[in-house]
Engineer: 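My structure is below; once you've seen it, I'll send some questions.
Remember, it's 1-based here, ligands and their atoms both numbered in the order they're listed. All figures in this text were calculated on a predicted structure; none of them were measured in a lab.
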Amino acid sequence: MYKRKSIFWQLFTSHLVLVGFSVLAVVWIALSIFQQFYYSNTADNLTVRSRLLAGQLSRMIQQEKYTEMDRMITSMGKETGTRITIVLPDGRVAGDSHEDAAKLENHGDRPEVISAGKQGIGSSHRYSYSLKQYMMYTAIVLRGEDGVLQGFVRTSLPLNGLQQALLAMNKKILLGVFFIIILTAAISFWVSQRMIKPLVTIKQGAEKYAAGDLEHKLYTDGSEEIKSLADTLNMMAVQLKQRIESSEHQRQEQAAILTGMTEGVLAVDGRENVVYMNSSAKQLFEVEPNWDVGKKIQEIIRDPSLHAFIALTLVSEESTTAELKFYKNGEKMMRVTGAKIKAANNTVNGAIIVLNDFTQLHRLETIRREFVSNVSHELKTPITLIQGFVETLLDDKQLTRDETQKFLKKIEKHSHRLNAIIEDLLDLSRIEQLGFDKLEKKKTGVFEMVENSIQTCMSAYRDTQVSINNSISKEMQAGLNQPLFEQALFNLLENAVKYSNSKTPVVVKGGREKKKNIIEVRDFGCGIAGEHLPRIFERFYRVDKSRSRDEGGTGLGLAIVKHIVQAHGGEIAVESTLEKGTCFRITLPE
Ligand code: ADP
């Protein structure tokens with residue numbers, strides 16, 4: 001992967017390169033100017049020397065005093081350290097201060113000679129192969145008094161001085177450049193570090209923010225831009241923190257609402273994977289608390305009707321509702337509502353399903369319906385009978401007095417029955433309304449209370465041969481509402497007498513068990529078949545309807561007993577064996 005250069009190195013190297021190039025450029029320009037100046041100075045110097053000799057030389061050439069001329073330039077050349085060469089117009093060398101002129105080749109092609117031929121003066125510098133060193137040459141034209149070209153005088157000097165001066169200067173300049181670069185590097189390092197430091201601080205701060213430490217504050221002393229960047233980042237962190245806190249707060253609130261809801265809530269994604277379940281839903285479907293989020297609904301809840309409902313919700317535009325039956329710990333009735341969750345771009349993100357358990361409500365509703373129909377039925381029977389007797393009495397005018405009397409007796413019996421049913425119903429609703437909290441109770445001797453109930457029962461069933469045996473201890477006491485509890489005992493004793501054989505007794509026992517008061521009413525009569533026992537305390541439930549009616553029963557007696565016992569904070573249970581007898585056992589708190 002391409003490795004990005006750090007800003008520090010970019011700044012540092014660019015500074016260095018820039019300064020290095022600038023210094024080198026300046027040095028190069030200075031050196032060239034210096035060299036140029038030195039060349040032109042030497043050239044001028046040589047020209048002056050040539051001009052001094054020009055007149056004399058021109059005369060000598062005119063007079064063709066070549067040997068004398070050669071001698072003169074040799075001695076002058078030695079004295080001044082200058083090489084003097086006399087070149088004739090055709091390029092032949094007529095004299096040379098340092099060489100034998102006859103041996104020298106034609107000098108007509110030398111650049112300084114050529115330009116002197118054209119402009120009267122010329123100069124050039126180059127390496128001389130004959131002298132094996134750099135030389136500076138100048139040539140001026142020699143003309144006679146008549147202006148006729150007589151040749152050129154060329155003077156030259158070695159450029160060793162310049163080379164040495166340049167070398168010495170180069171050394172100093174190089175040293176200077178070296179120090180400048182070192183200084184620049186140091187300054188650049190320091191400046192770059194200074195510039196980079198606040199950026200590094202900001203980078204570290206941003207890393208802390210990314211790691212979740214939004215409390216961190218950035219302090220920088222950098223430039224204005226960096227300072228404002230740090231301020232912006234600080235502001236961003238504060239806002240981000242506030243947003244995170246508020247969304248966390250919202251999330252917790254939602255979680256608390258969802259957890260506290262009695263309704264089950266579950267959410268699925270577009271592929272029917274369960275992404276959320278609140279505690280009520282988990283309880284409802286008996287899902288482990290550490291269930292795997294993201295599993296298919298089919299793996300978590302095995303209920304085809306719910307699967308179908310979710311599939312329907314995911315494709316429906318409107319919210320969906322249905323009443324579904326689940327079989328978890330018995331039958332459960334659920335009112336299910338579903339709504340699609342849509343993403344910002346309108347694609348389906350999933351669905352949210354709310355399950356409302358209305359099993360209890362459904363049960364109560366069923367009980368209410370049954371109760372109404374039972375009451376109607378119970379009331380209808382005596383009313384129909386009474387109507388029938390009344391119609392007979394009205395229609396049949398030939399009835400004897402005895403017959404009329406018989407019908408009227410029947411009417412009286414059924415109207416008593418009607419009254420009994422209505423009174424029992426009123427009793428029931430009164431006891432229900434009283435409840436445990438409102439019921440007035442006081443410590444009462446249980447023995448006396450049982451005695452009272454026995455007497456009431458015996459006066460109601462004078463003809464019975466069944467005896468009732470009270471074996472409760474006289475000391476036994478319990479917190480009771482006397483009239484109501486006597487009624488409960490009466491109902492139990494009445495049933496015991498009604499459903500006993502004439503010879504068998506009814507026994508009432510009492511005692512304390514595990515800090516509770518127990519009262520038992522036992523008979524040795526016909527008993528109740530096992531299948532009826534669970535329903536025996538329901539309103540209007542009777543094992544043998546016709547026998548119960550004959551005995552004047554309303555089917556509400558045991559329901560009243562149960563409600564009275566419950567209003568006392570107690571419980572009632574029944575044990576019975578067919579043809580052996582029945583035992584009702586009341587347990588009361590202290
Ligand atoms: P009922 O007015 O018909 O007696 P109850 O609510 O008192 O109504 O009793 C419900 C039914 O329970 C009765 O119809 C009867 O069949 C049965 N039952 C109640 N007590 C006894 C008992 N001691 N022995 C046998 N059956 C009983």
Side-chain angles (χ1 to χ4, degrees), residues 367 370-371 374-375 377-382 385 413-432 450 453-454 456-458 460-461 464-471 484-509 518-567 571-586:
I367 289 172
E370 277 175 10
F371 177 70
N374 282 342
V375 170
H377 182 75
E378 290 298 325
L379 294 177
K380 205 169 171 0
T381 318
L385 288 169
K413 182 186 159 194
H414 289 293
S415 55
H416 276 310
R417 193 172 148 64
L418 262 182
N419 193 38
I421 292 173
I422 289 165
E423 273 192 355
D424 277 357
L425 281 174
L426 286 173
D427 280 350
L428 251 181
S429 89
R430 197 161 47 89
I431 298 158
E432 259 177 345
V450 173
S453 304
I454 293 173
T456 322
C457 188
M458 279 304 153
Y461 290 85
T464 187
Q465 293 183 1
V466 179
S467 62
I468 305 176
N469 188 348
N470 181 1
S471 46
L484 275 185
F485 208 78
E486 272 180 17
Q487 187 185 346
L489 281 173
F490 171 79
N491 285 3
L492 290 176
L493 291 171
E494 186 188 26
N495 278 347
V497 170
K498 277 197 298 189
Y499 300 104
S500 281
N501 305 320
S502 50
K503 303 278 160 32
T504 55
V506 172
V507 182
V508 185
K509 278 206 242 170
I518 312 285
I519 301 167
E520 275 181 9
V521 177
R522 185 182 291 274
D523 68 62
F524 303 92
C526 63
I528 306 163
E531 77 253 31
H532 299 293
L533 286 176
R535 302 194 62 189
I536 208 85
F537 295 102
E538 282 178 22
R539 289 158 200 197
F540 297 115
Y541 191 83
R542 282 170 293 201
V543 176
D544 181 348
K545 284 196 170 49
S546 60
R547 182 172 174 187
S548 165
R549 278 201 197 104
D550 288 347
E551 301 281 356
T554 59
L556 292 166
L558 285 180
I560 292 172
V561 174
K562 185 181 151 192
H563 277 86
I564 292 173
V565 172
Q566 280 176 349
E571 281 166 21
I572 181 159
V574 60
E575 272 172 29
S576 187
T577 317
L578 268 182
E579 304 306 334
K580 290 218 163 136
T582 309
C583 175
F584 287 94
R585 184 182 162 92
I586 296 171

Engineer: So is Leu558 polar-close to ligand 1, meaning N/O to N/O under 3.5 Å?
Structural biologist: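 Yes, since at least one N or O of Leu558 sits under 3.5 Å from an N or O of ligand 1.
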Engineer: Is the shortest N/O to N/O distance between Thr554 and ligand 1 below 3.5 Å?
Structural biologist: yes
Engineer: When you measure from atom 12 (O) of ligand 1 to every protein heavy atom, which one gives the shortest distance, and what is it?
Structural biologist: Ile536 CD1, 3.3 Å
Engineer: Roughly how far, to the nearest 0.5 Å, is CD of Glu575 from CD1 of Ile528?
Structural biologist: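 Reported value, rounded in 0.5 Å steps: 11.5 Å.
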Engineer: Got an N/O contact under 3.5 Å between Cys526 and ligand 1?
Structural biologist: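 So ligand 1 has no N or O lying under 3.5 Å from an N or O of Cys526.
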Engineer: Would you say ligand 1 has an N or O under 3.5 Å from any N or O of Ile528?
Structural biologist: no
Engineer: Specify the protein heavy atom at minimum distance from atom 23 (N) of ligand 1: its residue, its atom name, and the distance to 0.1 Å.
Structural biologist: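 Answer for atom 23 (N) of ligand 1: Asp523 OD2, 2.8 Å.
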Engineer: Can you tell me if His532 contacts ligand 1 (heavy atom of the residue under 4.0 Å from the ligand)?
Structural biologist: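 The answer is no: ligand 1 sits nowhere under 4.0 Å from a heavy atom of His532.
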Engineer: How close does the nearest protein non-hydrogen atom get to atom 3 (O) of ligand 1, and which residue and atom is it?
Structural biologist: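 The closest one turns out to be Ser548 OG, 2.4 Å.
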Engineer: Nearest heavy-atom pair of His532 and Tyr541: which atoms, and what distance?
Structural biologist: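 Heavy atoms of His532 and Tyr541 come nearest at ND1-OH, 2.7 Å.
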Engineer: Please report which non-hydrogen protein atom sits nearest to atom 19 (C) of ligand 1, along with the residue it belongs to and the distance in Å to one decimal place.
Structural biologist: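 Nearest neighbour among protein heavy atoms for atom 19 (C) of ligand 1, to 0.1 Å: Asn495 ND2, 3.4 Å.
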Engineer: Does Asn491 reach the main-chain N or O of Leu558 with its side chain, forming a donor-acceptor pair under 3.5 Å?
Structural biologist: no
Engineer: Counting from 1, what ligand 1 atoms have a heavy atom of Gly557 closer than 4.0 Å?
Structural biologist: 5 (P), 6 (O), 7 (O)
Engineer: Give the residue, atom name and distance (to 0.1 Å) of the protein heavy atom nearest atom 11 (C) of ligand 1.
Structural biologist: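 For atom 11 (C) of ligand 1, the nearest protein heavy atom comes out as Tyr541 O, 3.7 Å.
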Engineer: Say you draw a straight line from OG1 of Thr464 to CD of Glu494; how long is it, rounded to the nearest 0.5 Å?
Structural biologist: 11.5 Å
Engineer: Write out the residue and atom name of the closest protein heavy atom to atom 14 (O) of ligand 1, then the distance separating them to 0.1 Å.
Structural biologist: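 Protein heavy atom with the smallest distance to atom 14 (O) of ligand 1: Arg542 CG, 3.2 Å.
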Engineer: If you draw a 6.0 Å radius around CD in Glu432, do more than 12 non-hydrogen atoms from other residues or ligands fall strictly inside?
Structural biologist: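 Yes - once you tally the heavy atoms of other residues, nucleotides and ligands closer than 6.0 Å, there are more than 12.
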Engineer: Please confirm whether Gly555 comes under 4.0 Å of ligand 1, counting heavy atoms of the residue only.
Structural biologist: yes
Engineer: With rounding to the nearest 0.5 angstrom, report the CG to CD distance, Leu484 to Glu486.
Structural biologist: 10.0 Å
Engineer: Could you find the nearest protein heavy atom to atom 13 (C) of ligand 1 and give me its residue, atom name and distance?
Structural biologist: Tyr499 OH, 3.5 Å
Engineer: Mind listing the closest non-hydrogen atom pair of Cys583 and Arg522 along with its distance?
Structural biologist: SG-NH2, 3.7 Å
Engineer: With the side chain counted from C-beta on, respond yes when Leu425 and Phe540 share a heavy-atom pair under 4.5 Å apart, and no when they do not.
Structural biologist: yes
Engineer: Are Glu378 and Arg539 close enough for a salt bridge, meaning some N to O gap below 4.0 Å?
Structural biologist: no
Engineer: Any side-chain heavy-atom pair from Ile519 and Phe485 closer than 4.5 angstrom?
Structural biologist: yes
Engineer: Which bit of Glu494 gets closer than 4.0 Å to ligand 1, counting heavy atoms only: side chain, backbone, both or neither?
Structural biologist: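 Answer for Glu494: neither.
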